[in-house]
S.K.: 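Structure below; questions to follow.
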Amino acid sequence: MSIARYIREIGRGREGARSLSRDDARDLMTQVLDRSVTDLEIGAFALAMRIKGESVAELIGFLGAANERCIAIRTDRPTVVLPSYNGSRRIPNLTALLAMLLAQRGVQVLVHGPARDAARVTTAAIFHDLGLTCAGSAREIDDAWSRREPAFIDIATLCPPLARLLEVRKVVGLRNSGHTIAKLLAGCSAEPVLRVVNYTHPEYGTRLAEFIAETGADALLMRGTEGEPVADARRLQRMDIYLAGQLRIDLSLPGQAGVVTGLPVLPRSSDAPTTASYIQAIVSGATPAPGAVTAQVDCLVCALGELGRPASREASA
């Protein structure tokens, strides 16, 4: 098989490239994930899409192919999904704190992402230092949920073909469409599932909002904190809630405006052990949680409450 015909369409540069249909995008990503094409073709695909950028139709097709290759994680409880793929460099990575505070409120939480990153502090490392589950199977996730704990699963376990595509970055030096798709994975078949979808560059925020609307998804859309799906402890960013693809202003957070007059006391180091100790102090009640993270927790809990009301869901559809 070959993806040359697709590369001809997407590889003509930012101005000359044409977007693929959903079906063609799905077929392209299927061949890439299944490694039925050469490494050279995969590299060409990665670079072409990096230059062109994904259309909404392409995101839908790519995600469909990736979802088909995920392990089955089934639950009949509403679930918040936190895709965690960036880790932190400068400030503590508080994605695990968000997950634990949600679990304390009775919310079932699934976090997925890479287990290791040589340049960043991953959520997986912090989960490990907190003694939380880094699951190797769907059964281990169920066990964590039965203990009312959040669960983390490595993308290499959740979707091995997608994990291999993410590794292409180490060869070509650039992120590719796999990174965008990973941040959109629901990861489980819960009904409902509320994804926290984050972006780094503003143009991606617009495209992801269109994707959420087109697919009728339930999501919290936000600009990430160093690329993580957690509120910035120093200043709450805007958070838009979408239910059945419709923006719900009444459930969204506008973000903090104006001059910051006070900052929370954060650890001086962002390494995993220090961050884990800080998080443990918060969940035990010894240290107050940053207000921005608490606001995000409240926002997600309120949105889940709306999803639990059939009449409200129909009205927003």
S.K.: Less than 4.0 angstrom from a charged side-chain N to a carboxylate O is my criterion; do Arg90 and Glu226 meet it?
M.R.: yes

S.K.: Within a strict 4.5 Å, meaning less than it, do heavy atoms of the Phe62 and Val32 side chains meet?
M.R.: no

S.K.: Is there a path from Ile279 to Val111 through hydrophobic residues (I, L, V, M, F, W, Y) whose side chains come within less than 4.5 Å of each other?
M.R.: yes

S.K.: Over all heavy atoms of both residues, which pair between Tyr85 and Pro114 is shortest? Give the atoms and the distance, please.
M.R.: CD2-CD, 3.5 Å

S.K.: So Phe152 and Phe127, would you call those rings parallel, tilted or perpendicular, with 30° and 60° as cut-offs?
M.R.: tilted

S.K.: So, Thr133 versus Arg147: side-chain donor-acceptor pair below 3.5 Å or not?
M.R.: yes

S.K.: Taking the side chain as C-beta and beyond, is there a heavy-atom pair between Arg116 and Thr122 under 4.5 Å?
M.R.: no

S.K.: Would you call Ile153 and Ile73 a side-chain contact if the rule is heavy atoms closer than 4.5 Å?
M.R.: yes

S.K.: Taking the side chain as C-beta and beyond, is there a heavy-atom pair between Leu59 and Glu210 under 4.5 Å?
M.R.: no

S.K.: Do Ile155 and Leu185 come close enough that some side-chain heavy atom pair is under 4.5 Å?
M.R.: yes

S.K.: Could you tell me if Thr30 and Glu68 have a donor-acceptor pair between their side chains, going purely by distance under 3.5 Å?
M.R.: no

S.K.: Quiz question: by atom type and distance under 3.5 Å, do the side chains of Asp271 and Thr274 form a donor-acceptor pair?
M.R.: yes

S.K.: Once rounded to the nearest 0.5 Å, what's the spacing between atom CG of Leu208 and atom CG of Asn198?
M.R.: 9.0 Å

S.K.: Picking from Arg22, Lys52, Arg26, what satisfies salt bridge (charged side-chain N to carboxylate O under 4.0 Å, His left out) with Glu58?
M.R.: Lys52

S.K.: If you count heavy atoms of other groups shown closer than 6.0 angstrom to CZ of Arg35, is the number above 12?
M.R.: yes

S.K.: Find out whether Leu102 and Pro150 are in side-chain contact, i.e. whether some heavy atom of one side chain is under 4.5 Å from a heavy atom of the other.
M.R.: no

S.K.: For Arg148, is the CZ atom crowded, meaning more than 12 foreign heavy atoms sit under 6.0 Å from it?
M.R.: no

S.K.: Verify whether one side chain among Ser88 and Glu228 offers a donor that lies under 3.5 Å from an acceptor in the other.
M.R.: no

S.K.: Check the hydrophobic clustering (I, L, V, M, F, W, Y; side-chain heavy atoms under 4.5 Å; chains of links allowed) and say if Val196 and Ile212 are grouped together.
M.R.: no

S.K.: With a 4.5 Å heavy-atom cut-off, do Asp27 and Asp23 have their side chains touching?
M.R.: no

S.K.: Between Asp34 and Arg69, is the closest basic N to carboxylate O distance under 4.0 Å?
M.R.: yes

S.K.: Given side chains that start at C-beta, do those of Glu41 and Gln31 come closer than 4.5 Å, heavy atoms only?
M.R.: no

S.K.: Please round to the nearest 0.5 Å and tell me the distance separating atom CG of Asp24 and atom CZ of Arg5.
M.R.: 5.0 Å

S.K.: Please identify which of these residues, Leu194, Leu304, Ile241, meets the side chain to side chain contact (heavy atoms under 4.5 Å, CB included) condition with Asp218.
M.R.: Leu194

S.K.: I need the Thr225 OG1 to Arg235 CZ distance, nearest 0.5 Å.
M.R.: 12.5 Å

S.K.: Any chance you could lay out the side-chain hydrogen bond (donor to acceptor under 3.5 Å, both in side chains) test for Asn93 and Thr95, step after step, and finish with the verdict?
M.R.: CA-CA 6 Å; Asn93 175 3; Thr95 299; 3.1 Å; yes

S.K.: Are Asp142 and Arg74 close enough for a salt bridge, meaning some N to O gap below 4.0 Å?
M.R.: no

